[in-house]
There are 2 protein chains.
Amino acid sequence: MIENQAKKQKHREDLRLAILEAAKKLFVQEGYEATSIRKIAKEIGFSPTTIYLYYRDKNDIAYALHQEGFLLLRDRFMALMSVDNPFERLKAIGRNYIDFAFQNPDYYQVMFMMKEPMTFLDMHCVEEEWPEGKRVLDFLLGTVQECQAAGLFTNMHPSLLAFQAWSTVHGLVTLYITHHLSKITETFAIDFNAKELVSQTFEQYISFLDRIK
Amino acid sequence: MIENQAKKQKHREDLRLAILEAAKKLFVQEGYEATSIRKIAKEIGFSPTTIYLYYRDKNDIAYALHQEGFLLLRDRFMALMSVDNPFERLKAIGRNYIDFAFQNPDYYQVMFMMKEPMTFLDMHCVEEEWPEGKRVLDFLLGTVQECQAAGLFTNMHPSLLAFQAWSTVHGLVTLYITHHLSKITETFAIDFNAKELVSQTFEQYISFLDRIK
DNA sequence: TTTATTTACTTAACACTGTTAAGTAGTTTT
DNA sequence: AAAACTACTTAACAGTGTTAAGTAAATAAA
């Protein structure tokens with residue numbers, strides 16, 4: 001009954017996917033903390049312990065959501081492959097990264113701000129380090145290297161510049177997401193709201209790069 | 001019995017402080033998540049519900065720890081007041097900020113990465129927005145303005161530059177603290193460890209400022 | 001001095017959380 | 001027909017933040 005076994009296998013994958021879909025629904029509606037195993041179970045109509053037949057633990061689910069987020073981000077970045085000018089593409093990557101974080105703060109959280117998916121990688125996926133992160137960073141690094149091939153940022157280490165660009169936008173969006181920024185905007189004495197402050201500061205960073213290139 | 005009332009008041013403050021000290025001990029030993037109300041209560045030898053006579057809820061305790069962290073950071077920044085050259089002071093602020101985060105990752109977390117202390121401020125302290133953050137940012141902003149008075153960064157908005165400097169170091173240290181950085185260092189193909197990568201990237205940012213000033 | 005009230009704290013409980021051990025129908029294999 | 005395996009459930013453990021209700025002691029009022 002090989003055919004039947006294949007059907008069983010398919011059913012297994014279906015339920016695993018149904019769990020993920022339920023988790024995603026709760027996650028985007030109410031955030032990670034409010035997404036409990038029991039709520040996911042109720043959503044799919046199974047008992048809570050069934051979840052553990054398809055996912056090791058909650059960190060496993062966190063990592064699955066983490067991967068889902070990276071699929072969304074990859075779609076955005078794929079669209080930027082058509083931008084030929086590498087410096088223009090670098091700017092576009094930054095703007096899209098910020099926009100992604102604004103539009104999907106919960107995904108951003110599980111992708112770049114939570115330790116749970118990382119500890120899951122540590123515990124159960126020894127072969128590769130962090131494939132999702134690596135892919136995104138490679139795209140960024142490649143763009144920086146293309147900039148250098150075009151004669152820009154020539155006296156810099158490409159990895160250091162890529163990492164700086166990443167941590168710059170990461171710093172901006174995390175301060176926004178954690179609500180630290182909205183509590184401090186009037187200290188800065190500009191009539192920007194928090195989102196505008198993020199965007200304007202990124203544009204200023206771009207102008208830094210422009211003057212340094 | 002006014003004298004007696006004063007004694008009672010002092011006792012109240014003593015216990016409130018004892019709770020905070022117990023919370024701090026557990027917090028630095030095992031992190032915020034592992035610091036439960038029940039554990040704090042056991043530490044001071046009272047029942048869990050007693051905590052609620054001195055702190056509204058766990059967010060209140062999170063905010064108290066948040067404040068403790070800012071006291072530690074302020075001590076570091078106080079020592080930098082003696083640095084006369086504002087650009088040198090700006091660099092020193094950044095290096096000290098990074099060093100503080102490396103040495104006190106849990107405090108950094110509760111100060112700049114968690115929403116709980118911020119939501120507590122939102123709910124119960126309407127008068128002032130975020131005094132701790134404001135004080136730190138004012139010190140940074142003041143230093144930037146002194147730089148401008150000395151003829152540096154003249155064609156820039158001081159608040160935007162201050163915010164950029166802050167979010168740059170914040171981005172660096174948060175990627176380090178959440179273990180995202182250690183999972184990606186070999187992608188960057190440099191023989192730096194995660195801490196060195198943070199430091200080197202900051203030094204590169206400094207050299208950016210140096211060339212732009 | 002006796003009664004009433006306030007203070008400081010505790011016990012018990014609610015409604016959750018992630019996770020595991022043990023058990024149970026139903027299907028498949030022997 | 002009997003044994004074995006699959007897919008799932010019930011019950012439970014050990015914890016979480018938080019609140020309502022109760023208690024003993026200290027103080028204030030009669």
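Just so we're on the same page: letters track the sequence lines, and every chain starts at 1.
A/L53 has its CG atom 14 Å from the C1' atom of C/dG23, to the nearest Å. Between the CG atom of B/L15 and the C1' atom of C/dA8 there is a distance of 10 Å, rounded to whole Å. Rounded to whole Å, the distance from CZ on A/F120 to P on C/dT19 is 11 Å.
Applying the salt bridge (Lys or Arg N to Asp or Glu O under 4.0 Å) test to every pair with at least one member in residues 56-70 of chain B, sequence neighbours left out, gives these pairs: B/K24-B/E68. Each salt bridge (Lys or Arg N to Asp or Glu O under 4.0 Å) pair with one or both residues in residues 192-205 of chain A, not counting sequence neighbours, appears once here: A/R95-A/E203. Every pair passing salt bridge (Lys or Arg N to Asp or Glu O under 4.0 Å) that includes a residue from residues 28-52 of chain B is listed here, sequence neighbours excluded: B/K25-B/E43. Pairs passing the salt bridge (Lys or Arg N to Asp or Glu O under 4.0 Å) check and including a residue from residues 162-185 of chain A, sequence neighbours excluded, read A/K183-B/D122, A/K183-B/E129. For the side chain to side chain donor-acceptor pair (under 3.5 Å) condition, the pairs that include at least one residue of residues 168-177 of chain A, sequence neighbours left out, are A/Y108-A/H170, A/H170-B/T174, A/T174-B/H170.
Listed by residue number, there are no residues of residues 19-35 of chain A with a heavy-atom contact under 4.0 Å to DNA chain D. Residues from residues 36-52 of chain A placing a heavy atom under 4.0 Å of any atom in DNA chain D, listed by number, are A/R38, A/F46, A/S47, A/T49, A/T50. Residues of residues 105-115 of chain B that place a heavy atom closer than 4.0 Å to DNA chain C do not occur. Contacts between residues 54-68 of chain B and DNA chain C, defined by a heavy-atom separation under 4.0 Å, are made by B/Y54.
Rounded to 10 degrees, the angle separating the terminal axes of the helix from C/dT1-D/dA30 to C/dT30-D/dA1 is 30°, with each axis obtained from five end pairs.
With values rounded to the nearest 0.5 angstrom, A/W166 atom CH2 is found 12.0 Å from A/L141 atom CG. Going from atom CG of A/L172 over to atom OG of A/S199 covers 9.0 Å, rounded to the nearest 0.5 Å.
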- Query: Can you list the steps and then say if B/D106 with B/V110 is a side chain to side chain contact (heavy atoms under 4.5 Å, CB included)?
  - Reply: CA-CA 6 Å; B/D106 292 303; B/V110 86; over 6 Å; no
- Message: Could you go through B/Y205 and A/Y205, starting from their C-alpha distance and side-chain angles, then the distance that decides it, and tell me whether this counts as ring pair (Phe, Tyr, Trp, His ring centres under 6.0 Å)?
- Response: CA-CA 11 Å; B/Y205 177 70; A/Y205 177 70; 7.6 Å; no
- Item | Verdict with supporting geometry, A/T178 and A/M113, side chain to side chain contact (heavy atoms under 4.5 Å, CB included) | CA-CA 10 Å; A/T178 57; A/M113 300 167 76; 3.6 Å; yes
- Could you walk me through whether B/Y32 and B/M114 pass the side chain to side chain contact (heavy atoms under 4.5 Å, CB included) check? CA-CA 10 Å; B/Y32 178 78; B/M114 276 171 47; 3.6 Å; yes
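Proximity of A/I19 to A/I44: side-chain heavy atoms (C-beta onward) are separated by under 4.5 Å at one or more points.
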Could you list the donor-acceptor pairs under 3.5 angstrom formed between side-chain atoms of residues 71-79 of chain B and any protein atom two or more places apart in sequence or on another chain?
unit_1: B/R76; atom_1: NH1; unit_2: B/N96; atom_2: OD1; d: 3.2
unit_1: B/R76; atom_1: NH1; unit_2: B/D99; atom_2: OD2; d: 3.3
unit_1: B/R76; atom_1: NH2; unit_2: B/D99; atom_2: OD2; d: 3.2
unit_1: B/R76; atom_1: NH2; unit_2: B/Q103; atom_2: OE1; d: 3.1

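Applying the side-chain contact (heavy atoms from CB on, under 4.5 Å) test to A/E132 and every residue at least two apart in sequence or in another chain returns A/Y63, A/H66, A/Q67, A/F70, A/W130.
The aromatic ring centres of A/F112 and A/F100 sit 6.0 Å or more apart.
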